[in-house]
2 protein chains.
Amino acid sequence: MADNLYDKLGASASKAGLHKALKSAGAAPHSSLFAVVNEDIAGDEQYLSFIHCDGAGTKSIVAYLLSKATGDLSHYAGLAQDALVMNLDDIYCLGAPSSLLVANTIARNARIIDDEVIAQLVGRYRLLVENLNKHGIPISLSGGETADMGDVVRSLVVDAVVAGRIAKKGLIDTKHIAPGDVILGLASSGQSTYEDTFNSGIGSNGLTLARHALLKRAYADAEADIVDRAGITDASYSGPFDVTDTPEELNGMSVGEALLSPTRTFAPLLQNIYESFPGKVHAAIHVTGGGLTKVLRFGPGGLKFVKDNLFEPPAIFRLVQQHGGVSWREMYEVFNMGQRIELYISPEAAESIMAEASKMKIDAKLIGRVEKSNNNSNSVLVRSSHGEFEYSEN
Amino acid sequence: MADNLYDKLGASASKAGLHKALKSAGAAPHSSLFAVVNEDIAGDEQYLSFIHCDGAGTKSIVAYLLSKATGDLSHYAGLAQDALVMNLDDIYCLGAPSSLLVANTIARNARIIDDEVIAQLVGRYRLLVENLNKHGIPISLSGGETADMGDVVRSLVVDAVVAGRIAKKGLIDTKHIAPGDVILGLASSGQSTYEDTFNSGIGSNGLTLARHALLKRAYADAEADIVDRAGITDASYSGPFDVTDTPEELNGMSVGEALLSPTRTFAPLLQNIYESFPGKVHAAIHVTGGGLTKVLRFGPGGLKFVKDNLFEPPAIFRLVQQHGGVSWREMYEVFNMGQRIELYISPEAAESIMAEASKMKIDAKLIGRVEKSNNNSNSVLVRSSHGEFEYSEN
């Protein structure tokens, strides 16, 4: 199958064309900060402000299918966590914010998404914020907006927005990454001290690819609401599974549950790390779109990121690779493959930071190191039991 | 045709079921403030903070149709104004904020929405913010997020988010509306001193109803991407027009252009009014979903809002009523019908506030008054040349 399976399915890991178009429209160029910041809205020169939007993406389709198959609308609730954490963990790659407000936006086809689904999502946002507060995250819930727009939205869009402030002191700027730094990976999968259930590690990116690779063609044929019919290719819903199937590899989880596993937040751990080891983290990269190549557009430039000791990919990724016939090269470019946060640190800080992760039962290990590149561009080298792959900037 | 044409088309003006579900999920009850506020994120007791989300809704479909018919992708750009103003004017119903940050989120079907459309939208956001700055609006542009999710989004979702701060002093709380107040309407249609083109007055709500009432059935049949096929009824795309048709009533605008006319912002005028007449505005209501009944859930309770001198509905609304066979009762409940901001003020403040509007070439007039109700509930009475309609809370 082609390397660009994801493009073929209507999504893109690199978004190259989009970035070009945005540049022509005068959008701000990428900075070395992980998320966009502005001058402080309270006018304090010691602070910066931010407003950040992201969402659960196409994961909502899996919630629709699993809820329909089981009659259990609570499968939608985790999408609130996906939307919130996609924002929260981006922001925590800047450092520890001093305050956060979160609002939610939901767009739905009211013909197929019940009011009760909205209640599930809003209820989960409340629980999440309460739980985050218990772990010292200074986040407050604001309002939201639900739009009924079935002519535009086939099923459901679940987005969240966070706004807040962060002190300039303690701000993490990836320009501080340097040759000699090591890369510490924090596991996307497992069950931390602040989580109730085991997490498959899938997160909230690559879900279009994962869903089409694993789920049966019958879904494309029977479910007009969840399919872009004119965009169907031989790669669409080309897998062997029903959402309720429980392949041995998933240890009791169904395929639907593994795909829906809500994105783990690392905010409580990162907050502890930043407090305990000020200045030790040169960069924190939230491994989302772009997978293990995400770091390519950060740092001071001219670096080679050698990743030769990655986590073994959790079962859900191995299933996607196998049944989707996805190249390993593309897998590392789309998914987190087991590590969802990369911390770029001096070698001497590694042991104590890993001990901090261990206290919260989050697996952490040194997955690689930073070298000088042969030119001014960045590159990523993945050396794994599944092959060796090099990726370059642009 | 049934009174509930809008419900039949998959949208709802009252959102009654949704509000019930949200209440059961523990969502905050409605307050007497027009938008949700939180404690200040900078910790200053004299301030409040807010984060607010809204978007262009199904208006994006009209942009798709008109761009396709004319080959001109610039028809998409105005959606940025719709998304931004739907937020901005809600916030300016709280008073004048001290700072604002705006971010944008776009979700698209990349198969049919080009990268160039995203560039058009982002470019327009930049122009809008520059223009607002020239008029003293303290707004800054932050980042954005574009998600490719054709399996969820048939065409395009254009949303904006604003976050900011507002001083408690000067905050407008609708609980100050009192019997004896007059209602000053600010026109949704026309061309102000800070606008380049004539505005049809449509704003960004009721677009589902307007589109289906005016546009031809051929669009439902030919355009699989813009239709919820399983949701089609006899009311869907039941109008007589192509998007490029120019019925005499529209004075040279095409139907598509009139439907797409970007939502006017009143922020520059409201800012002037608040500065010049502190404390004089008891409530500012942004007439969006719910139309002229929007005010029902605001105020101290027990009020009757008599609106007996409304603006004559602009041509676009008369066309929707006529060709959609929409009852006038429903028209006033869905659309702004000519006034998009209602200011509730003491009679003696009216003349000077109208003079302020006149300076910016925004039509303003006294459209009604506030009386005591017979019970504890609010009611709205619309008395127009098209009939007399009473609406009650709940």
Side-chain angles (χ1 to χ4, degrees), chain A residues 10-12 17-18 21-22 24-27 36 38 41-42 49-55 57-58 60-61 99 101 103 105 107 109-111 115-116 118-119 122-123 126 140 142-143 145-155 157 159 161 163-165 208 224-231, chain B residues 10-12 17-18 21-22 24-27 36 38 41-42 49-55 57-58 60-61 99 101 103 105 107 109-111 115-116 118-119 122-123 126 140 142-143 145-155 157 159 161 163-165 208 224-231:
Chain A
S12 167
L18 181 61
L22 289 176
S24 79
V36 177
N38 290 68
I41 59 173
S49 288
F50 53 83
I51 180 167
H52 197 73
C53 326
D54 212 329
T58 61
S60 58
I61 295 176
S99 57
L101 275 183
T105 55
N109 184 342
R111 189 174 54 72
D115 291 336
E116 171 59 22
I118 313 301
V122 172
R126 296 181 64 81
S140 303
S142 186
E145 170 78 9
T146 296
D148 293 344
M149 42 197 290
D151 280 344
V152 175
V153 173
R154 298 179 210 280
S155 49
V157 179
D159 283 342
V161 198
R165 298 168 79 232
T208 295
D225 294 320
I226 54 147
V227 173
D228 182 13
R229 298 197 76 83
Chain B
S12 167
L18 182 62
L22 289 176
S24 79
V36 178
N38 289 69
I41 59 172
S49 288
F50 54 81
I51 180 167
H52 197 73
C53 326
D54 212 327
T58 60
S60 58
I61 294 176
S99 57
L101 274 183
T105 55
N109 184 341
R111 189 173 55 70
D115 291 336
E116 172 58 24
I118 313 301
V122 171
R126 295 180 65 81
S140 304
S142 186
E145 170 79 9
T146 296
D148 292 344
M149 43 197 289
D151 280 345
V152 175
V153 173
R154 299 180 209 280
S155 49
V157 180
D159 283 342
V161 198
R165 298 169 79 231
T208 295
D225 293 319
I226 53 146
V227 173
D228 183 14
R229 298 197 76 83

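Numbered from 1 within each chain, the chains take letters A, B, ... in sequence-line order.
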Max heavy-atom pairs within cutoff under 4.5 Å with chain A, candidates Ile41(B), Asn109(B), Ile118(B), goes to Ile41(B)

The interface call for Val227(A) against chain B, heavy-atom contacts under 4.5 Å, is backbone

Under 4.5 Å to a heavy atom of chain B? For Ala230(A) that would be both

Original post:
Arg154(A) side chain to Gly150(B) main-chain N or O, any donor-acceptor pair under 3.5 Å?
Top reply: yes

Checked Val36(A), Val152(A), Thr105(A) vs chain B; the most non-hydrogen pairs under 4.5 Å come from Val152(A)

Within the 4.5 Å heavy-atom criterion, are Val157(B) and Val153(A) side-chain neighbours or not? yes

CD1 (Ile61(A)) and CG (Asp151(B)) are apart, to the nearest 0.5 Å, by 4.5 Å

Under 4.5 Å to a heavy atom of chain B? For Ile226(A) that would be backbone

The interface call for Ser60(B) against chain A, heavy-atom contacts under 4.5 Å, is side chain

In terms of heavy-atom pairs under 4.5 Å with chain B, the winner among Thr146(A), Thr208(A), Asp159(A) is Thr146(A)

Looking only at Ser142(A), Ala103(A), Ala110(A), the option with the highest number of non-hydrogen pairs under 4.5 Å against chain B is Ser142(A)

Bottom line for Ala107(B): the part with an atom under 4.5 Å from chain A's heavy atoms is neither

Ranked by heavy-atom pairs below 4.5 Å to chain A, first place among His52(B), Met149(B), Glu145(B), Arg111(B) goes to Arg111(B)

From the list Ser49(B), Ala147(B), Gly231(B), Gly55(B), the residue making the most non-hydrogen contacts under 4.5 Å with chain A is Gly231(B)

Ranking Thr58(B), Asp54(B), Asn38(B) by heavy-atom pairs under 4.5 Å to chain A gives rank one to Asn38(B)

